[in-house]
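Since the structure comes first, as structure tokens, the remarks are kept for the end.
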Amino acid sequence: MQLDLQQISKTYSNGTRALSELSLSIGTGMFGLLGPNGAGKSTLMRTIATLQQPDTGSMRFGDVDLLNDPMTLRKTLGYLPQEFGVYPRISAERLLDYLASLKGISAKKERRNIINYCLEVTNLTDVRHTSVSSYSGGMKQRFGIAQLLLNNPKLIIVDEPTAGLDPTERQRFLNILRAISTESIVIFSTHIVEDIKDLCTDMAVLNQGQLLLHTTPEAAIENLEGKIWTTNISATELPDYQRRYTVLSSAYNRDNSLRIRVLTDIGMPEFRVVSPTLEDVYFAALQRSLTLPLQASR
Ligand SMILES: Nc1ncnc2c1ncn2[C@@H]1O[C@H](COP(=O)(O)OP(=O)(O)OP(=O)(O)O)[C@@H](O)[C@H]1O
Ligand SMILES: [Mg+2]
């Protein structure tokens, strides 16, 4: 199955252009959508989930036209919004049972089987009798995945699911996504570059409603091979270096000097070439979007 977006644009009533002629094709596997605050990630995800309409453009999932036939899409969609709201004070198992009934799974035995499966996949079997409202942040996020798996979705959209999770929970959560992405399209957004690195088969960088990059993490990194240079400077020199070079990032050393990473084909003698990282890819894409006229970045 493939998701195809063509020329999607969205301007909110207050004049904010959140999506700008965005075209994108996504196949089975893990797709990471990376972008800073306000990039348009949630807008794009709500649009794909058919919860809001674009002003222009078209969207297809396999044979289904999302704009003309949103109900068909919703039957095969699992969506976890950025803010899930308040959970009721009933056990995970009972809440899933209720949600499964809402989703039209009326046979009791079928409900039981699917609920057991959802709890198992998300490592919540042991706490299935515990009230969801008392779950930790990480457990709530896993419950969010459990509930969206109830209808066996083929298109799964999760909006910044790892925000606020501790490293162990984050890893556990990402492993769950990895497990369910073997048979479906999983689109997840994040501004944590690390989330994408080992996990995603495909990725895109979004900013100001425009796609700056759509590639695989490996290809993106390889593309910067030999072009990332580093040197130590004093903090007061930074503006000067930023004027002369594309400085992607800077970090303080213990002695309060700055270690900068620079994108350039040929470094200065004081520069040392280093292996590119996905973070370099991300910052390079964002920097390009600042220096190019908006339309030229796509
Ligand atoms: N309902 C709305 N009405 C008006 N403007 C909105 C609305 N929702 C989002 N925006 C604006 O559209 C732009 C994109 O917002 P969006 O929430 O899609 O970004 P995001 O990438 O999800 O950001 P974050 O990482 O902070 O969640 C922002 O400038 C935002 O202020
Ligand atoms: Mg968002």
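Counting convention: from 1, in listed order, for ligands and their atoms alike. As a basis for the values below, the full set of heavy atoms in this structure was taken, side chains included, without hydrogen atoms, waters or symmetry mates.
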Which of the numbered atoms in ligand 1 are below 4.0 angstrom from a heavy atom of [X]?
{"X": "Q82", "answer": "27 (O)"}
{"X": "A18", "answer": "12 (O)"}
{"X": "A39", "answer": "19 (O), 20 (P), 21 (O)"}
{"X": "N14", "answer": "4 (C), 5 (N)"}
{"X": "T16", "answer": "11 (C), 12 (O), 13 (C), 29 (O)"}
{"X": "S42", "answer": "17 (O), 18 (O), 20 (P), 22 (O), 27 (O)"}

If you measure from CD1 on I185 to CD1 on I180, what distance do you get to the nearest 0.5 Å?
12.5 Å
Just to check, does [X] reach to within less than 4.0 Å of ligand 1 when the distance is taken from its heavy atoms?
{"X": "S189", "value": "no"}
{"X": "E160", "value": "yes"}
{"X": "G35", "value": "no"}

Atom [atom1] of [X]: over 12 foreign heavy atoms under 6.0 Å:
{"X": "E83", "atom1": "CD", "value": "no"}
{"X": "K197", "atom1": "NZ", "value": "no"}
{"X": "E222", "atom1": "CD", "value": "no"}

Do S257 and N232 have side-chain atoms, one donor and one acceptor, less than 3.5 Å apart?
no
Check whether the side chains of T50 and R74 place a donor and an acceptor atom closer than 3.5 Å, and report yes or no.
yes
What do you get for the angle at the Mg ion (ligand 2) between OE1 on Q82 and OG on S42, to the nearest 10 degrees?
80°
In terms of relative ring orientation, are H214 and F31 parallel, tilted or perpendicular, with 30° and 60° separating the classes?
perpendicular
Test item: protein heavy atom less than 4.0 Å from atom 27 (O) of ligand 1:
yes
Atom 30 (C) of ligand 1 touched by protein (heavy atom, under 4.0 Å)
no
So which heavy atom in the protein is nearest [atom], and how far is it from that ligand atom?
{"atom": "atom 18 (O) of ligand 1", "value": "T43 OG1, 2.6 Å"}
{"atom": "atom 1 (N) of ligand 1", "value": "Y12 CE2, 3.7 Å"}
{"atom": "atom 19 (O) of ligand 1", "value": "G40 N, 3.2 Å"}
{"atom": "atom 23 (O) of ligand 1", "value": "G38 N, 2.8 Å"}

Consider side chain to side chain donor-acceptor pair (under 3.5 Å). Of T76, D69, N68, which one does T72 pass it with?
D69
Show your working on ring pair (Phe, Tyr, Trp, His ring centres under 6.0 Å) between F173 and F188 and close with a plain yes or no.
CA-CA 12 Å; F173 186 88; F188 93 106; 8.0 Å; no
Flag side-chain contact, heavy atom, 4.5 Å: R172 against Q141
no
